[in-house]
Amino acid sequence: MQEPSITADLIAAHGLKPDEYDRILKIIGREPTFTELGIFSAMWNEHCSYKSSKKWLRTLPTEGPQVICGPGENAGVVDIGDGQAVVFKMESHNHPSYIEPHQGAATGVGGILRDVFTMGARPIAAMDSLSFGRPEHPKTPHLVKGVVEGIGAYGNCFGVPNVGGEVRFHRSYDGNCLVNAFAAGLADTDKIFYSAASGVGMPVVYLGAKTGRDGVGGATMASAEFDDTIEEKRPTVQVGDPFTEKCLLEACLELMASGSVISIQDMGAAGLTCSAVEMGDKGGLGIKLHLDAVPQRETNMTAYEMMLSESQERMLMVLKPEKEAKARAIFEKWDLDFAIVGETIAEDRFLILHGNDVKADLPLSKLSSSAPEYDRPWVETPAADAAPTLPPIRPIAALRALIGSPNHAHKSWVWEQYDTQVGADTIRRPGLGAGVVRVHGTNKALAFTSDVTPRYVKANPFEGGKQAVAEAYRNLCAVGATPLATTDNLNFGNPEKPEIMGQFVGAIKGIGEACRALDFPIVSGNVSLYNETDGKGILPTPTIGGVGLIDNISHLIAGLPSEGDLALVIGRTDGHLAQSALAHEAFGIETGDAPHVDLDAERRHGEFLRTHRRHLKAATDLSDGGLALAAFEMAEAAGIGLHLGSSDIGQLFGEDQARYLVACDAEGADAIEKAAGLAGIPVAQVGRFGGTIVELGDDAEDLAELSRLYRTAFKVAIKGDMPDHA
C-alpha cells in the first residue's frame, strides 16, 4: 500500500506543531515515514509525554517510608505490612467517554485494571469520579446512562467491586464530560513486576487479545480539543471485552508465578508503540518488532495501524527464553494469544519490520525520555471577589435546595448498577463516605475515596488543590483509616492558555503542600489536558484518590447514629458560604474565595478522631453542604430524625474545612469533649439524632418527605429511559 506523503496538513492532523516536526527532522536527519510520523505523534502527544506538566509534576512529594514504587510505573505501590502491598492508580478516559459513552467508560475501567494487574496485583476495588454537564443539557442524560452502564458492564463482568467515587454536574462539562477511573489491587511486596526490559536478545512477547483497527490514534485524540468534527473521532474509541480481560488477569498472574517474566507492560494509550518504547527506554535497550507475527483480527492491517491500535486486553512482555514453552502453554490454556513479536537489542533503535520492509527505524530513547518538555507561560489566577451576600432563605428550604439537586441527591441509581460485593470482602459500600474492603484472609482493611471541589479550584487553585487532598484525608480518617498515599487525576483545559496553565500550576502547588503536610504522598496519577469544546474549558478538576489502612477491622468507624445520640462537630465553624454548595444550588452564585485550609488543623483533627474512635458511633467529614447536609445524610441513612440547634445559615451550611461530624451516646460525647479540651481541639455539641422530624433551629419538616425528595431527585433531574433502581 502506498504511504501518504508527509504534508503540513498531515503533520497538523497528527497533533504535532511545526517546531516539533522540525525537532523530529533534526533527530533522525531525514523525513519520517508515515509510520514513523504516527509513532512520534503518539509518543509526543500530551497524553503520553506529559510535555506541558512534567516540570510541575516533579515538584510533588512522591516518597515516604511506606512507598515501594512511586510515579513512573503502571501504578503506585505502597506497603501495608505483613509482606503485602496495595497497588493503585487513577486515570482519565474523558474524550472517549464523550464520543462513545458506553465503550469509552468501559475501556477506561479495563485500562486501569490492567495498570494494576500488570504490576502483579489482583484487583480488589474500583472507583469512578464522574463529571457531567447540566442535567437539562440535551446530551447529558445520554452520557450519564452510557457511562454508568459502561462502567457497570465492564467491572461487573470482570469481577471487581466498585466501592466509591463521586458524580457531579456543572455547565462547564456540557461539551466535555470527565470519566476518571480508579483501581486498586493486592500483591506480595517481593512479587512486584516492573516494565523495564533487561538483557539483550530476549524475546518480546505479545499477550492477550488480537489487534484490530479500533482506537487507532486514540492517544492523539485524547490530547485535542473538541469542535464540530467530534463525530469524525468515533473510530478512535476502543471496544472492550471484560471476559477476555478476566482471562488475561488470571493468565498473567499464573505466568508471573511461573517465574517467566523479565518485564511486562500494559498496552494502553498508543498501544504497541508506547508499551514497547517504555520497556526499552526504562531498560536502556532497543527493541526490534516483526509485525507479521502480531495476532490480528482484521485483514490487510498496515504497520501504522498495528503500531497505533489501542485494541484492548493486550500486554507486552519480555520473557526468559527458557520459559517460552511453559508461558505459551499458560496462555493457550486461557484461550489467549501468545506470540513472539520481537526481541531486545543493544542498539538505541526502535526497528519496525513488516513483510520485507523496514517501516520505522528510530532512536528509541528520543521517543520517550527525550520528548519535548515545555515551560508554558502562566498567569496567577486573580484574587477572588468579595464574599457574596446570599439572599435570605429558611434552613429547610436551603436543605431542600441541596438534596433536591442532582449534585447532592442520593446516588443509588448510579452505584446500584455496579456490583459492590463481588469478592465478598466489601465492608462499606458506596453512599456515605469512603469505601472499605477487607484484605482477604487478614483482619486488616483498606479504605478508598475520591475527592475534589472544582468550584474551589477555579476560585483559588492553590487552596482548591489543598482542599482536595485534605478532603480525601478526612474521608479516610472518618472511617478510622490511617491515610497512606494518593493518586491524582489532573483534569484541566488548554495549557497553551496562560490562565489555564495558571490554574494547573496553582493547583499543583496546593496539592504538593497538602501532601507534604499530611504525609500523604502521590504515588501515581494522570494528567488530562485540552478538556475544552469550542474554546470553552471545564472547571479545573484535579481529582485526588486517597487510600488508607485500617490495621484491625475492630477499629473501623462504619456505624450509624441511634435514637438519642448526640451530634458533635470536631473543628471550628466560622460559616464560610462563598463558593459553597448552597450558594451554587439555591442561588446560582459562584463568587467569592474558596475556604482556606489549615493543614496543621487538618492533621491534628484527623489524628484526634482516629485516636478516640472507640467513643464514636458514626463519623463523616464536613465538606459540600456543611453541617446540615452531612447531618441529614447521616440521619436519613439511619432512618431517624434530627435536631440541630442553630438556625444560622452560615453555621448550618458553611463549608469551613478541617471539620468532622460525629455521633456519640452521652458517655462517648463526654469523653470526646474532655479529650478535646486537653488536646486543644475545638469540639461543640450541635444537636441530637432521633424522632421522625428534621429540625434546623426553629424550622422543621418530616424526615419521610425530605427522604422522598432526596432519593428521587437524581433520577428526576436526569430524566431519560432509566431503570427504576432507587
**Student:** Are side-chain N/O atoms of N74 and D266 paired as donor and acceptor at under 3.5 Å?
**Tutor:**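 Looking only at side-chain atoms, D266 and N74 do not form any donor-acceptor pair under 3.5 Å.
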**Student:** Will you find, in the side chains of S5 and T7, an N or O donor that is under 3.5 Å from an N or O acceptor?
**Tutor:**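 Side-chain D/A pair, S5 to T7: absent.
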**Student:** Scan side-chain atoms only and decide if S311 and S309 contain a donor-acceptor pair under the 3.5 Å cut-off.
**Tutor:**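 The criterion, which ignores hydrogens and geometry beyond distance, is satisfied for S309 and S311.
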**Student:** Sort out for me which residue in R58, K55, K54 forms a salt bridge (charged side-chain N to carboxylate O under 4.0 Å, His left out) with D375.
**Tutor:**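 For D375, the salt bridge (charged side-chain N to carboxylate O under 4.0 Å, His left out) check succeeds only for K55.
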**Student:** Cation-pi between K497 and F492: NZ/CZ under 6.0 Å from ring centre and within 45° of the ring axis?
**Tutor:**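 Because its charged atom misses either the 6.0 Å distance or the 45° angle limit, K497 does not stack over F492.
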**Student:** Is there a donor-acceptor pair closer than 3.5 Å between any side-chain N or O of N45 and the backbone N or O of A42?
**Tutor:**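 Present.
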**Student:** So, for I522 and C515, which heavy atoms are closest and what is the spacing to 0.1 Å?
**Tutor:**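 Closest approach of I522 to C515: CG1-SG, 3.8 Å.
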**Student:** Would you call E36 and R30 a salt bridge, taking side-chain N to carboxylate O under 4.0 Å as the test?
**Tutor:**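 Result for this pair is yes, salt bridge flagged.
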**Student:** Any idea which heavy atoms bring L113 and E245 closest together, and the distance?
**Tutor:**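 The answer is CB-OE2, 3.6 Å.
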**Student:** Any donor-acceptor pair under 3.5 Å linking the side-chain atoms of R297 with those of T211?
**Tutor:**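 No.
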**Student:** Is the backbone N or O of P521 less than 3.5 Å from a side-chain atom of T486, with the two atoms forming a donor-acceptor pair by type?
**Tutor:**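 Answer holds: yes.
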**Student:** Please check if the side chain of S41 supplies one atom and the backbone of H14 the other of a donor-acceptor pair under 3.5 Å.
**Tutor:**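 The answer is yes, because a donor-acceptor pair under 3.5 Å joins these two groups.
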**Student:** In plain terms, say whether K17 and E496 are close enough for a salt bridge, that is, a side-chain N and a carboxylate O under 4.0 Å apart.
**Tutor:**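 Yes.
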**Student:** Is the side chain of N526 donor-acceptor paired with the backbone N or O of M90 at a distance under 3.5 Å, no angle test?
**Tutor:**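 The answer is no, because no donor-acceptor pair under 3.5 Å joins these two groups.
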**Student:** Before accepting this row, confirm whether a basic side-chain N of the pair D281/K366 lies closer than 4.0 Å to the acidic partner's carboxylate O.
**Tutor:**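 Salt bridge between D281 and K366, a charged N being under 4.0 Å from a carboxylate O: no.
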**Student:** Under 4.0 Å between a side-chain nitrogen and a carboxylate oxygen: does that hold for K536 and E532?
**Tutor:**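 Not counted as a salt bridge, because no side-chain N and carboxylate O are separated by less than 4.0 Å.
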**Student:** Between D357 (side chain) and K359 (backbone), is there a donor-acceptor pair under 3.5 Å?
**Tutor:**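 Flag not set: sc D357 to bb K359 has no pair under 3.5 Å.
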**Student:** Of the non-hydrogen atoms in I511 and P542, which two are nearest, and what is the gap between them?
**Tutor:**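 Minimum heavy-atom contact is CD1-CB, 3.9 Å.
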**Student:** Taking the six-membered ring for Trp, are W44 and F40 parallel (under 30°), tilted (30 to 60°) or perpendicular (over 60°)?
**Tutor:**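 W44 and F40: perpendicular rings.
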**Student:** Does V239 offer a backbone N or O that forms a donor-acceptor pair with the side chain of D214 under 3.5 Å?
**Tutor:**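 Yes: the side chain of D214 pairs with the backbone of V239.
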**Student:** Hey, is the main chain of T541 close enough, under 3.5 Å, to the side chain of N491 for a donor-acceptor pair?
**Tutor:**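 Between the backbone of T541 and the side chain of N491 there is a qualifying donor-acceptor contact (under 3.5 Å).
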**Student:** For S97 and N94, which I'm curious about, is there any donor-acceptor pair between the side chains at under 3.5 Å?
**Tutor:**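 Per modelled atom types, S97 and N94 side chains form no pair under 3.5 Å.
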**Student:** List in chain and number order the residues that pass side-chain hydrogen bond (donor to acceptor under 3.5 Å, both in side chains) with K282, two or more places apart in sequence or in another chain; answer none if no residue qualifies.
**Tutor:**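 By the side-chain hydrogen bond (donor to acceptor under 3.5 Å, both in side chains) rule, K282 matches S195.
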**Student:** Can E91 and R114 be counted as an ion pair, charged N to O under 4.0 angstrom?
**Tutor:**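 Here E91 does not pair with R114 in a salt bridge, since their nearest N and O are not under 4.0 Å apart.
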**Student:** Angle class for the F34/Y304 ring planes (parallel below 30°, perpendicular above 60°, tilted otherwise)?
**Tutor:**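 Parallel, since the angle between the ring planes stays under 30°.
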**Student:** Closest heavy-atom contact between G120 and F193?
**Tutor:**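 Nearest pair, atom of G120 first, then F193: CA-CD1, 4.0 Å.
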**Student:** Can you tell whether the side chains of E46 and K51 come within less than 4.0 Å, N to carboxylate O?
**Tutor:**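 Here E46 does not pair with K51 in a salt bridge, since their nearest N and O are not under 4.0 Å apart.
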**Student:** Give the ring-plane orientation class for F182 versus F88, where under 30° counts as parallel, over 60° as perpendicular and anything between as tilted.
**Tutor:**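 Plane angle between 30° and 60°, so tilted.
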**Student:** Within the 3.5 Å criterion, strictly below it, is a donor on W378 or E499 matched to an acceptor on the partner's side chain?
**Tutor:**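 Looking only at side-chain atoms, E499 and W378 do not form any donor-acceptor pair under 3.5 Å.
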**Student:** Measure from the side-chain N and O atoms of D128 to the backbone N and O of L130, and report whether any donor-acceptor pair falls under 3.5 Å.
**Tutor:**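 Checking the backbone N and O of L130 against the side chain of D128, no donor-acceptor pair under 3.5 Å is found.
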**Student:** Which value, rounded to the nearest 0.5 Å, describes the distance between F117 atom CZ and L248 atom CG?
**Tutor:**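 Answer for the CZ-CG pair, F117 versus L248, is 4.0 Å.
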**Student:** Would you name the heavy atoms of T533 and G175 that are closest together and state the gap between them?
**Tutor:**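 Closest pair (atom of T533, atom of G175, distance): OG1-O, 2.5 Å.
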**Student:** Which atom pair, heavy atoms only, marks the closest approach of A75 to K89?
**Tutor:**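 Smallest interatomic distance, heavy atoms only, reads CB-CB, 3.9 Å.
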**Student:** Any pair with a residue in residues 192-201 that passes salt bridge (Lys or Arg N to Asp or Glu O under 4.0 Å), sequence neighbours left out, goes on the list, sorted by first then second residue, please.
**Tutor:**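 Qualifying pairs: none.
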**Student:** Got a donor-acceptor contact below 3.5 angstrom from the K320 side chain to the I262 backbone?
**Tutor:**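 No, because the side chain of K320 does not come within donor-acceptor range (under 3.5 Å) of the backbone of I262.
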**Student:** Quick one: pull up CD in Q265 and SG in C274 and give me the separation to the nearest 0.5 Å.
**Tutor:**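 Rounded to the nearest 0.5 Å, the CD-SG separation comes out at 6.5 Å.
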**Student:** Kindly compute the distance separating CG (L207) from CD1 (I264), expressed to the nearest 0.5 Å.
**Tutor:**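 Interatomic distance, L207 CG to I264 CD1, rounded to 0.5 Å: 6.0 Å.
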**Student:** For P377, does its backbone N or O pair with a side-chain atom of Y374 as donor and acceptor, under 3.5 Å?
**Tutor:**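 Side chain of Y374 to backbone of P377: no pair is present.
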**Student:** By the definition side-chain hydrogen bond (donor to acceptor under 3.5 Å, both in side chains), identify the one residue from E310, E305, Q296 that meets it with R213.
**Tutor:**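 When E310, E305, Q296 are each tested with R213, the side-chain hydrogen bond (donor to acceptor under 3.5 Å, both in side chains) holds only for E305.
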